[in-house]
Every structure is written in C-alpha cells, then in structure tokens.
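Only one structure is covered here, and it is reproduced in the block below.
By convention here, the first residue in the shown sequence is residue 1.
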Amino acid sequence: MSEMDPRIKLLQRLKLQLSGYVYVGDHMKEGWKEPIPHYAFNCPKHGLIIDYAHGYDQRLECPKCREEEKTIKLVT
C-alpha cells in the first residue's frame with residue numbers, strides 16, 4: 001500500500017499496518033436494526049476496503065472479491 005487513504009487517521013494507519021485491520025466506526029445500512037462495527041483492511045487485489053465482519057467466525061472479506069466469485073459461479 002503505497003499511498004494511504006486520507007479518510008484513515010495516522011493512528012489508524014499504524015494499527016492497520018501492525019494488525020492488518022483497524023476499527024473505523026459503527027455504520028448502519030438501510031434495513032438494519034442497529035449499527036455494527038466496520039473495519040478497514042487491505043485486500044491484495046482491490047486495496048483498502050472498509051466492511052464489516054461476516055459469518056459466525058467474524059471474518060473480514062473483500063466485498064468486491066465476493067461479488068467476483070459469485071459472478072464466476074453463475075457463469076460456470
């Protein structure tokens with residue numbers, strides 16, 4: 001990651017580089033009952049991503065990669 005996203009503060013940048021992800025706040029999407037924590041992390045293919053943890057094991061997944069995988073499965 002050569003140039004950091006200006007939305008990420010200095011301390012968050014350091015945490016991101018040390019742990020691979022950093023909490024960036026609670027966000028709420030339309031239809032949700034309450035806001036949930038969102039994290040910034042680096043996708044090797046798409047760069048800096050902000051998303052929430054998914055599944056029972058609370059894994060961070062790139063939504064762009066997930067969408068590409070769905071498209072590939074539909075085509076095959």
Side-chain angles (χ1 to χ4, degrees):
M1 198 180 316
S2 58
E3 189 175 321
M4 292 300 294
D5 191 306
R7 296 172 293 177
I8 305 294
K9 296 176 184 159
L10 179 61
L11 184 57
Q12 290 175 317
R13 291 178 195 182
L14 293 171
K15 288 180 181 178
L16 178 62
Q17 290 177 346
L18 291 172
S19 68
Y21 66 94
V22 65
Y23 170 77
V24 292
D26 287 356
H27 301 280
M28 187 167 168
K29 292 187 179 181
E30 188 176 325
W32 289 2
K33 293 183 180 188
E34 58 188 48
I36 62 172
H38 279 64
Y39 302 88
F41 59 97
N42 188 34
C43 170
K45 186 173 182 180
H46 297 104
L48 187 67
I49 299 293
I50 296 176
D51 200 19
Y52 56 93
H54 296 268
Y56 289 110
D57 54 354
Q58 296 292 289
R59 64 191 175 278
L60 293 172
E61 298 177 343
C62 174
K64 294 177 182 179
C65 289
R66 273 197 325 267
E67 191 60 37
E68 289 173 0
E69 287 176 15
K70 285 181 189 176
T71 303
I72 290 170
K73 288 179 182 177
L74 288 174
V75 172
T76 56

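A distance of 4.0 Å separates NE2 of H46 from CD of E68, quoted to the nearest 0.5 Å. Note that CG of L14 and OG of S19 are 10.5 Å apart. Values are rounded to the nearest 0.5 Å. The SG atom of C65 sits 6.0 Å away from atom NZ of K45, with the distance rounded to the nearest 0.5 Å.
Under the side-chain hydrogen bond (donor to acceptor under 3.5 Å, both in side chains) criterion, H38 pairs with no residue at all, not counting sequence neighbours.
Between L11 and K9 the shortest side-chain heavy-atom distance does not fall below 4.5 Å.
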For residues 21-34, please give each side-chain donor-acceptor pair under 3.5 Å, one per line with the distance, not counting sequence neighbours.
{"unit_1": "Y23", "atom_1": "OH", "unit_2": "D26", "atom_2": "N", "d": "3.2"}
{"unit_1": "Y23", "atom_1": "OH", "unit_2": "D26", "atom_2": "OD1", "d": "2.9"}

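No option in R66, E61, R59 other than R66 meets the side-chain hydrogen bond (donor to acceptor under 3.5 Å, both in side chains) test with H54.
L60 and I49 fall within the same hydrophobic cluster, where Ile, Leu, Val, Met, Phe, Trp and Tyr residues are linked whenever their side-chain heavy atoms come under 4.5 Å apart, directly or through other members.
The two atoms that bring L16 and F41 nearest to each other are CD1-CA, 3.8 Å, heavy atoms only.
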